[in-house]
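Just follow the structure's listing: the first ligand is 1, and inside any ligand the first atom is 1.
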Amino acid sequence: MENQISNLDGERLVTAIQYHEATKHHYHRYAISPGYLDWDNQPNPFRFYEGVTPIKLPFAKGDPDAVYMDLYERMRNPVREFSLENLSLFLELSLSISAWKSIPGAKWALRMNPSSGNLHPTESYVILSTHSAYDPGVYHYSPFLHALEPRASFSDELSVKIQRHFRTKGFLFAFTSIYWREAWKYGERAFRYSNHDIGHAIAAASFAANLLGWKLTYLYETSDEEIAKILGFHEIDWRDDEEEYPEVLFYVHSAEAKEIPAGLTPDIIQRILELSFQGRHNRLSKDHVDWEIIAHVAQATRKPRVAVDRPNNPNMPFSQLELSQLKATQIIRQRRSLLACDGVTSISQSAFLTMLDKTLPRDTAAPFDVGLGPVRVHLFLFVHRVKDLTSGFYMFVRDEKDLGALRLACRPDFLWEPVKKDFPLYLLAKGQFTGEATSVSCQQSIAGEGAFSLGMIAKFRSNLERLPFLYRHLFWETGMIGQVLYLEAEAHGVRSTGIGCFYDDPVHELLALRDNQFQSLYHFTVGGPVEDQRLQSWPPYSHLKENGGGEVAE
Ligand SMILES: Cc1cc2nc3c(=O)[nH]c(=O)nc-3n(C[C@H](O)[C@H](O)[C@H](O)COP(=O)(O)O)c2cc1C
């Protein structure tokens, strides 16, 4: 089946590769963007469905008493029931507002999940089956209200049918993207950033679920068209360029449940499709710029229905353990991007190795056991300030079956010296590369002034040739790695930032990568933060209290 798809999809492959090439930043030319910020048309970062009555979610009275390792390990988190309170906590810990910030004249919300430019293209939906506390049906999650907006109700019979299909209690959970939100600022490169954000959101949800004893299983078989159908998108006439695109569907279930089906039956999809969907999506901007190239790559990388490709991740224990004293939920709640690095803070070698170790997929650990597929991304590191570790270039080979291909593809004079026995970290070249790190990350000093920064090197062409929709998955994997690094940095007393702005080919030149067998898709930096003293902070849901408990200020 996969071969058939790849033969038929030559054009899609070409479109995806052309998009990637066209949206590279070069020293002499950035990818095409508006070049200025059209504040009058800044998209609303919050989606609302007008004409429905939102169901307010109860805020948690107390957080689970989970420790740092409970973020990852699945053994110790007691399985909680699928009540409204627990669903609320799941959404709160993954996607809700985590703080408001302000400077004189401007105030903005930040969320548990990060987003390029804080523009938040990601939306989420839950499809709930029978529970006494809520009516079964399709709901949109509103982070602004921390509420569920009902879009369609199920009969009990349909609800039971879905539960029977999955053979275990749980709910369906979907992410979508509104590329316009990112394109407003970043133009053509926005499709990449939106897909990074999906990866961050997946990992954020996987961690939150784990703390409740739940697990996300990716419904690999499902096509994008099927996701659109069960979200009622077939009935929506999206305004101008504000189309919301289906991305990914999960079943969220008890972490103990096994053998989750990889998709929905045509019958279930048809039954949901026939429901009457309510609510009208809000308009996000008054006016738009048409970024045609994004519509094309979105079309070319649409996911058809495919056979299951569940990875077989190793089941190894965590190594290089430097534990954190912070509670798991504290790490999640305090996550923030560093805005500037102090240029002096260093981290211990064991903290560094612990952070890297967490980016390795394991079959029984969040977040990589959602089942997106095999490892396709490796880390090329600039180590600046890690105690007892030589500064220089390193490669962290997240799946050693790619070691040979990476060695062949990279500069022949790289050392490939293992740093530690049974740990896939290799020293490539010794030296201070702070200048190189800064310059390839669009001259952003945060990349050179931290403890380390990195580029995420994806096995590119072979994956796209096999299945063009994997173009999006590659970005998702990088976003998931990024989310792990965000939490790891907080856990170890430093801070980090995703870096979407980097010069693509100059990174490849540092490694001497000549073709598109491997491509760098995302950068990251970890270091000692310098806080911006001008910023004032506000509690996450203070706006609801100010507005009398739930009025929407658009
Ligand atoms: C995909 C992605 C790319 C980003 N790129 C950059 C970047 O190039 N430079 C930067 O300073 N911050 C970057 N950020 C950080 C965002 O600006 C930050 O996540 C956003 O302002 C929200 O703040 P928070 O992470 O503290 O919630 C990026 C974040 C993401 C998720």
Would you mind listing every salt bridge (Lys or Arg N to Asp or Glu O under 4.0 Å) that reaches into residues 447-457, with sequence neighbours excluded?
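Found none.
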Protein residues that have a heavy atom under 4.0 Å from any atom of ligand 1, sorted by chain and number
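Under the 4.0 Å cut-off, ligand 1 touches L110, R111, P114, S115, S116, G117, N118, H196, D197, H200, R335, R336, S337, Q444, I446, Y486, T497, G498, I499, G500, C501, Y522.
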E123/R181 ion pair, N-O < 4.0 Å:
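R181 and E123: salt-bridged.
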Go through the side-chain N and O atoms of N41 and S285 and say whether any donor and acceptor fall under 3.5 Å apart.
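No - no donor-acceptor pair under 3.5 Å links their side chains.
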Of all residues at least two apart in sequence or in a different chain, which pass the side-chain contact (heavy atoms from CB on, under 4.5 Å) check with P540?
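With sequence neighbours excluded, P540 shows a side-chain contact (heavy atoms from CB on, under 4.5 Å) to I97, given in chain and number order.
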Do the ring centers of Y522 and F502 come within less than 6.0 Å of each other?
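No, they do not, as the ring centres are separated by 6.0 Å or more.
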Among residues at least two apart in sequence or on other chains, which ones pass salt bridge (charged side-chain N to carboxylate O under 4.0 Å, His left out) with E149?
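E149: no salt bridge (charged side-chain N to carboxylate O under 4.0 Å, His left out) contacts found.
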